[in-house]
Protein chains: 2
Amino acid sequence: MSITSDLLRGHTDTIILRLLLNRDSYGYEINKYISEKTDGAYELKEATLYSAFRRLEENGSISSYWGDETTGARRRYYSITRQGRAVYEQNKTDWEEAKTILDELIKEG
Amino acid sequence: MSITSDLLRGHTDTIILRLLLNRDSYGYEINKYISEKTDGAYELKEATLYSAFRRLEENGSISSYWGDETTGARRRYYSITRQGRAVYEQNKTDWEEAKTILDELIKEG
DNA sequence: TGATATACCTTGACAGACATAGTAACTCGT
DNA sequence: ACGAGTTACTATGTCTGTCAAGGTATATCA
(Lines give C-alpha, C1' and ligand atoms only; values in the text may rest on other atoms or scores of the structure.)
Protein backbone atom coordinates (compact mmCIF):
# COMPACT_ATOMS: atom_id res chain seq x y z
CA MET A 1 0.00 0.00 0.00
CA SER A 2 1.32 3.40 -0.85
CA ILE A 3 -0.06 6.90 -0.82
CA THR A 4 0.45 9.56 -3.41
CA SER A 5 2.57 12.57 -2.65
CA ASP A 6 -0.42 14.70 -3.50
CA LEU A 7 -1.99 13.79 -0.19
CA LEU A 8 0.94 15.40 1.56
CA ARG A 9 1.35 18.15 -0.97
CA GLY A 10 3.00 21.16 0.52
CA HIS A 11 4.68 19.13 3.26
CA THR A 12 7.69 18.03 1.26
CA ASP A 13 9.67 21.01 2.46
CA THR A 14 8.89 20.15 6.06
CA ILE A 15 10.11 16.59 5.62
CA ILE A 16 13.36 17.74 4.04
CA LEU A 17 14.00 20.38 6.67
CA ARG A 18 13.35 17.85 9.40
CA LEU A 19 15.96 15.48 8.02
CA LEU A 20 18.49 18.26 7.66
CA LEU A 21 18.06 19.11 11.33
CA ASN A 22 20.14 16.05 12.14
CA ARG A 23 22.93 16.57 9.67
CA ASP A 24 23.76 17.74 6.19
CA SER A 25 22.59 15.37 3.50
CA TYR A 26 22.09 15.08 -0.24
CA GLY A 27 19.24 14.25 -2.57
CA TYR A 28 19.73 10.61 -3.18
CA GLU A 29 20.26 9.86 0.48
CA ILE A 30 17.20 11.79 1.55
CA ASN A 31 15.07 10.00 -0.99
CA LYS A 32 16.28 6.60 0.14
CA TYR A 33 15.81 7.49 3.75
CA ILE A 34 12.20 8.51 3.21
CA SER A 35 11.46 5.38 1.24
CA GLU A 36 13.05 3.08 3.78
CA LYS A 37 11.69 4.84 6.84
CA THR A 38 8.17 4.36 5.49
CA ASP A 39 8.75 0.85 4.17
CA GLY A 40 8.21 2.09 0.65
CA ALA A 41 4.79 3.52 1.47
CA TYR A 42 5.93 7.00 0.61
CA GLU A 43 8.32 7.97 -2.13
CA LEU A 44 9.24 11.39 -3.37
CA LYS A 45 9.85 11.53 -7.09
CA GLU A 46 13.23 12.94 -8.02
CA ALA A 47 11.79 15.92 -9.84
CA THR A 48 9.75 16.75 -6.76
CA LEU A 49 12.73 16.49 -4.47
CA TYR A 50 15.11 18.56 -6.53
CA SER A 51 12.55 21.24 -7.20
CA ALA A 52 11.98 21.40 -3.45
CA PHE A 53 15.71 21.94 -2.97
CA ARG A 54 15.63 24.86 -5.41
CA ARG A 55 12.66 26.39 -3.66
CA LEU A 56 14.17 26.00 -0.22
CA GLU A 57 17.49 27.41 -1.29
CA GLU A 58 15.84 30.34 -3.01
CA ASN A 59 13.92 31.30 0.10
CA GLY A 60 16.97 30.90 2.32
CA SER A 61 15.89 27.80 4.24
CA ILE A 62 18.84 25.74 3.14
CA SER A 63 22.27 26.25 1.63
CA SER A 64 24.26 23.83 -0.48
CA TYR A 65 27.79 22.84 -1.43
CA TRP A 66 29.42 20.16 -3.53
CA GLY A 67 30.90 17.30 -1.56
CA ASP A 68 34.55 16.40 -2.08
CA GLU A 69 33.96 12.78 -3.05
CA THR A 70 37.18 11.33 -4.42
CA THR A 71 35.25 8.38 -5.79
CA GLY A 72 31.75 7.79 -7.10
CA ALA A 73 29.29 10.32 -8.42
CA ARG A 74 29.40 13.89 -7.17
CA ARG A 75 27.01 14.87 -4.41
CA ARG A 76 25.44 18.18 -3.60
CA TYR A 77 25.03 18.52 0.13
CA TYR A 78 22.39 20.65 1.77
CA SER A 79 22.46 22.38 5.17
CA ILE A 80 19.54 23.84 7.00
CA THR A 81 19.98 27.51 7.83
CA ARG A 82 18.89 29.37 10.92
CA GLN A 83 16.01 30.70 8.90
CA GLY A 84 15.20 27.18 7.76
CA ARG A 85 14.88 26.08 11.36
CA ALA A 86 12.32 28.79 11.96
CA VAL A 87 10.43 27.76 8.83
CA TYR A 88 10.49 24.17 10.01
CA GLU A 89 9.08 25.09 13.41
CA GLN A 90 6.28 27.05 11.79
CA ASN A 91 5.52 24.25 9.34
CA LYS A 92 5.34 21.76 12.17
CA THR A 93 2.87 23.94 13.99
CA ASP A 94 0.82 24.36 10.83
CA TRP A 95 0.78 20.61 10.31
CA GLU A 96 -0.50 20.03 13.83
CA GLU A 97 -3.25 22.52 13.22
CA ALA A 98 -4.11 21.03 9.84
CA LYS A 99 -4.40 17.59 11.40
CA THR A 100 -6.67 18.84 14.14
CA ILE A 101 -8.87 20.67 11.68
CA LEU A 102 -9.30 17.84 9.22
CA ASP A 103 -9.83 15.28 11.96
CA GLU A 104 -12.48 17.49 13.48
CA LEU A 105 -14.19 17.99 10.13
CA ILE A 106 -14.36 14.35 9.17
CA LYS A 107 -14.90 12.72 12.50
CA GLU A 108 -18.11 10.79 12.70
CA GLY A 109 -20.81 10.56 15.30
CA MET B 1 -4.70 31.95 13.35
CA SER B 2 -5.71 30.25 10.19
CA ILE B 3 -4.19 27.74 7.83
CA THR B 4 -4.22 27.80 4.09
CA SER B 5 -6.22 25.29 2.16
CA ASP B 6 -3.02 24.28 0.45
CA LEU B 7 -1.98 22.44 3.59
CA LEU B 8 -5.01 20.22 3.20
CA ARG B 9 -4.86 20.18 -0.56
CA GLY B 10 -6.50 17.12 -1.95
CA HIS B 11 -8.69 16.67 1.11
CA THR B 12 -11.44 19.08 0.14
CA ASP B 13 -13.41 16.28 -1.47
CA THR B 14 -13.20 14.23 1.69
CA ILE B 15 -14.55 17.08 3.79
CA ILE B 16 -17.46 17.63 1.47
CA LEU B 17 -18.32 13.95 1.23
CA ARG B 18 -18.21 13.66 5.00
CA LEU B 19 -20.73 16.46 5.43
CA LEU B 20 -23.03 14.98 2.82
CA LEU B 21 -23.08 11.70 4.74
CA ASN B 22 -25.41 13.35 7.22
CA ARG B 23 -27.81 14.96 4.79
CA ASP B 24 -28.06 16.74 1.47
CA SER B 25 -26.67 20.22 1.55
CA TYR B 26 -25.67 23.11 -0.69
CA GLY B 27 -22.56 25.17 -1.27
CA TYR B 28 -23.17 28.15 0.88
CA GLU B 29 -24.26 26.05 3.83
CA ILE B 30 -21.27 23.74 3.58
CA ASN B 31 -18.91 26.68 3.45
CA LYS B 32 -20.46 28.28 6.51
CA TYR B 33 -20.44 25.01 8.37
CA ILE B 34 -16.73 24.48 7.76
CA SER B 35 -15.91 28.00 8.78
CA GLU B 36 -17.97 27.85 11.96
CA LYS B 37 -16.96 24.35 12.94
CA THR B 38 -13.31 25.42 12.85
CA ASP B 39 -13.91 28.83 14.43
CA GLY B 40 -12.82 30.50 11.24
CA ALA B 41 -9.48 28.71 11.21
CA TYR B 42 -10.28 27.01 7.95
CA GLU B 43 -12.20 28.47 5.08
CA LEU B 44 -12.76 27.08 1.64
CA LYS B 45 -12.81 29.72 -1.06
CA GLU B 46 -15.93 29.66 -3.18
CA ALA B 47 -14.04 28.84 -6.35
CA THR B 48 -12.45 25.90 -4.57
CA LEU B 49 -15.73 24.61 -3.25
CA TYR B 50 -17.70 24.85 -6.45
CA SER B 51 -14.95 23.34 -8.53
CA ALA B 52 -14.88 20.46 -6.05
CA PHE B 53 -18.60 19.97 -6.63
CA ARG B 54 -18.00 19.76 -10.38
CA ARG B 55 -15.22 17.24 -9.90
CA LEU B 56 -17.23 15.10 -7.51
CA GLU B 57 -20.28 15.13 -9.71
CA GLU B 58 -18.23 14.24 -12.77
CA ASN B 59 -16.72 11.22 -11.11
CA GLY B 60 -20.06 10.08 -9.73
CA SER B 61 -19.43 10.74 -6.04
CA ILE B 62 -22.33 13.14 -5.71
CA SER B 63 -25.48 14.10 -7.56
CA SER B 64 -27.28 17.42 -7.51
CA TYR B 65 -30.69 19.01 -7.92
CA TRP B 66 -32.16 22.48 -7.64
CA GLY B 67 -34.07 23.10 -4.43
CA ASP B 68 -37.64 24.39 -4.62
CA GLU B 69 -37.15 27.51 -2.54
CA THR B 70 -40.20 29.71 -2.81
CA THR B 71 -38.27 32.58 -1.31
CA GLY B 72 -34.65 33.67 -1.32
CA ALA B 73 -31.93 32.76 -3.78
CA ARG B 74 -32.03 29.43 -5.55
CA ARG B 75 -29.96 26.61 -4.07
CA ARG B 76 -28.34 23.65 -5.72
CA TYR B 77 -28.43 20.68 -3.36
CA TYR B 78 -25.93 17.86 -3.43
CA SER B 79 -26.38 14.21 -2.39
CA ILE B 80 -23.65 11.70 -1.81
CA THR B 81 -24.01 8.60 -3.95
CA ARG B 82 -23.28 5.02 -3.06
CA GLN B 83 -20.06 5.37 -5.00
CA GLY B 84 -19.30 8.57 -3.11
CA ARG B 85 -19.54 6.69 0.16
CA ALA B 86 -16.93 4.25 -1.05
CA VAL B 87 -14.69 7.10 -2.17
CA TYR B 88 -15.11 8.71 1.22
CA GLU B 89 -14.13 5.54 3.04
CA GLN B 90 -11.03 5.19 0.90
CA ASN B 91 -10.10 8.84 1.38
CA LYS B 92 -10.46 8.49 5.13
CA THR B 93 -8.12 5.51 5.11
CA ASP B 94 -5.64 7.41 2.95
CA TRP B 95 -5.75 10.34 5.33
CA GLU B 96 -5.00 8.10 8.30
CA GLU B 97 -2.04 6.70 6.45
CA ALA B 98 -0.82 10.11 5.36
CA LYS B 99 -0.95 11.32 8.95
CA THR B 100 1.00 8.33 10.19
CA ILE B 101 3.63 8.74 7.52
CA LEU B 102 4.21 12.43 7.96
CA ASP B 103 4.20 12.18 11.75
CA GLU B 104 6.76 9.42 11.53
CA LEU B 105 8.94 11.40 9.14
CA ILE B 106 9.02 14.59 11.15
CA LYS B 107 8.98 13.24 14.68
CA GLU B 108 12.02 14.26 16.65
CA GLY B 109 14.32 12.33 18.92
C1' DT C 1 30.43 -5.90 -22.13
C1' DG C 2 26.11 -4.84 -20.15
C1' DA C 3 23.13 -4.39 -16.22
C1' DT C 4 22.48 -2.16 -11.94
C1' DA C 5 23.21 1.28 -8.49
C1' DT C 6 24.61 5.79 -7.33
C1' DA C 7 23.81 10.78 -8.09
C1' DC C 8 22.12 14.90 -10.27
C1' DC C 9 19.50 17.83 -13.61
C1' DT C 10 15.83 19.75 -17.06
C1' DT C 11 11.51 20.34 -19.53
C1' DG C 12 6.76 20.45 -19.99
C1' DA C 13 2.15 18.91 -18.40
C1' DC C 14 -1.38 18.58 -14.99
C1' DA C 15 -4.62 19.40 -11.19
C1' DG C 16 -6.30 21.75 -7.19
C1' DA C 17 -6.63 26.09 -4.90
C1' DC C 18 -6.82 30.75 -5.71
C1' DA C 19 -8.15 35.87 -7.01
C1' DT C 20 -11.35 38.33 -9.23
C1' DA C 21 -15.47 39.36 -11.24
C1' DG C 22 -20.22 38.88 -12.25
C1' DT C 23 -25.46 37.68 -11.60
C1' DA C 24 -29.57 37.78 -8.74
C1' DA C 25 -32.86 37.88 -4.81
C1' DC C 26 -33.71 38.90 -0.19
C1' DT C 27 -33.22 41.67 4.57
C1' DC C 28 -32.67 45.41 7.48
C1' DG C 29 -31.76 50.03 9.13
C1' DT C 30 -32.60 54.75 8.26
C1' DA D 1 -37.67 53.93 -0.69
C1' DC D 2 -32.83 53.58 -0.74
C1' DG D 3 -28.30 51.46 0.02
C1' DA D 4 -25.55 48.10 2.35
C1' DG D 5 -25.06 43.63 3.60
C1' DT D 6 -26.28 38.71 3.22
C1' DT D 7 -27.51 34.72 0.75
C1' DA D 8 -26.34 31.84 -3.27
C1' DC D 9 -24.26 30.38 -7.48
C1' DT D 10 -21.05 30.74 -11.66
C1' DA D 11 -17.01 31.79 -14.92
C1' DT D 12 -12.25 32.86 -16.23
C1' DG D 13 -7.61 32.88 -15.72
C1' DT D 14 -3.35 32.40 -12.66
C1' DC D 15 -0.19 30.12 -9.54
C1' DT D 16 2.28 26.32 -7.47
C1' DG D 17 3.76 21.68 -6.25
C1' DT D 18 4.01 17.18 -8.15
C1' DC D 19 4.78 14.34 -11.83
C1' DA D 20 6.30 11.84 -16.27
C1' DA D 21 9.84 11.56 -19.20
C1' DG D 22 14.07 12.30 -20.63
C1' DG D 23 19.05 13.23 -20.07
C1' DT D 24 24.23 13.14 -17.97
C1' DA D 25 27.99 10.70 -15.54
C1' DT D 26 30.61 7.39 -12.45
C1' DA D 27 31.29 2.95 -10.08
C1' DT D 28 30.46 -2.06 -9.32
C1' DC D 29 29.70 -6.72 -10.48
C1' DA D 30 28.47 -10.70 -13.22
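Because the structure is predicted, anything quoted here is derived from the model rather than measured. Order of the sequence lines fixes the chain letters, A, B, ..., with proteins taken first and strands second; residue numbering starts at 1 for each chain.
- At whole-Å resolution of the value, CZ in Arg75(B) and C1' in dC26(C) are 12 Å apart.
- Each of Gly10(A) and Tyr77(B) has a nearest nucleotide on DNA chain D; the 5'-most of these lies closest to Tyr77(B).
- Considering only side-chain N and O atoms, Arg74(A) lies nowhere under 4.0 angstrom from the phosphate OP1 or OP2 of dC9(C).
- Using a 4.0 Å heavy-atom distance criterion, Arg9(B) is classed as a base contact.
- Note on Arg76(A): a side-chain N or O is less than 4.0 Å away from OP1 or OP2 of dC9(C).
- Look at CZ on Arg54(A): it is 13 Å from C1' on dT11(C), rounded to the nearest Å.
- Proximity of a side-chain donor or acceptor of Ser64(B) to a complementary backbone N or O of Arg76(B) within less than 3.5 Å is not detected.
- Note on ring orientation: taking the six-membered ring where Trp is involved, the planes of Phe53(A) and Tyr78(A) are parallel (angle under 30°, cut-offs 30° and 60°).
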Please assess Lys99(B) against Glu96(B) for the test salt bridge (Lys or Arg N to Asp or Glu O under 4.0 Å), listing each intermediate value before the final yes or no. CA-CA 5 Å; Lys99(B) 263 197 299 183; Glu96(B) 288 304 323; 3.3 Å; yes
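- The nucleotide range of DNA chain D contacted by chain B, defined by atoms under 4.0 angstrom from heavy atoms of the protein and reported 5' to 3', is dT7(D) to dA11(D).
- Between Tyr77(A) and Tyr26(A), the angle of the ring planes goes over 60°, which puts this pair in the perpendicular group of the 30/60° scheme.
- In this structure, NZ of Lys45(A) is placed 18 Å from P of dC14(C), rounded to the nearest angstrom.
- Between Arg18(A) and Leu21(A), some side-chain heavy-atom pair lies under the 4.5 Å cut-off.
- An end-to-end axis angle of 10° holds for the helix from dT1(C)-dA30(D) to dT30(C)-dA1(D), taken from five base pairs per end and rounded to 10°.
- Rounded to whole angstrom, the span from the CD atom of Glu29(A) across to the C1' atom of dC8(C) amounts to 15 Å.
- Heavy atoms of other residues, nucleotides or ligands lying less than 6.0 angstrom from CG of Asn22(A) number more than 12.
- No side-chain heavy atom of Thr38(B) sits less than 4.5 Å from a side-chain heavy atom of Thr100(A).
- To the nearest 0.5 Å, atoms OG (Ser25(B)) and CD1 (Ile80(B)) are separated by 12.5 Å.
- When heavy atoms are screened at a 4.0 angstrom cut-off, Glu46(A) is found touching base atoms of the nucleic acid.
- What separates CG of Leu44(A) from C1' of dA7(C) is a distance of 16 Å, to the nearest Å.
- Regarding Leu49(A), its CG atom lies at a distance of 14 Å from the C1' atom of dT6(C), rounded to whole Å.
- Within the 4.0 Å cut-off from OP1 or OP2 of dA17(C), at least one side-chain nitrogen or oxygen of Arg55(B) is found.
- The listed nucleotides are dT20(C), dT6(C), dA17(C); the one nearest the side chain of Ala47(B) is dT20(C).
- Between Glu29(A) and Arg23(A), at least one side-chain nitrogen of the basic residue sits less than 4.0 Å from a carboxylate oxygen of the acidic one, meeting the salt-bridge criterion.
- Between Glu57(A) atom CD and dC9(C) atom P there is a gap of 10 Å when expressed in whole angstrom units.
- Note: CD (Glu69(A)) to C1' (dA5(C)) measures 15 Å, nearest angstrom.
- The shortest heavy-atom contact between Ala52(A) and Ile16(A) is CB-CD1, 3.6 Å.
- Taking 4.0 angstrom as the limit, Ser51(B) places none of its side-chain polar atoms (N or O) nearer than this to OP1 or OP2 of dA17(C).
- The phosphate of dC9(C) has neither OP1 nor OP2 within less than 4.0 Å of any side-chain N or O from Tyr50(A).
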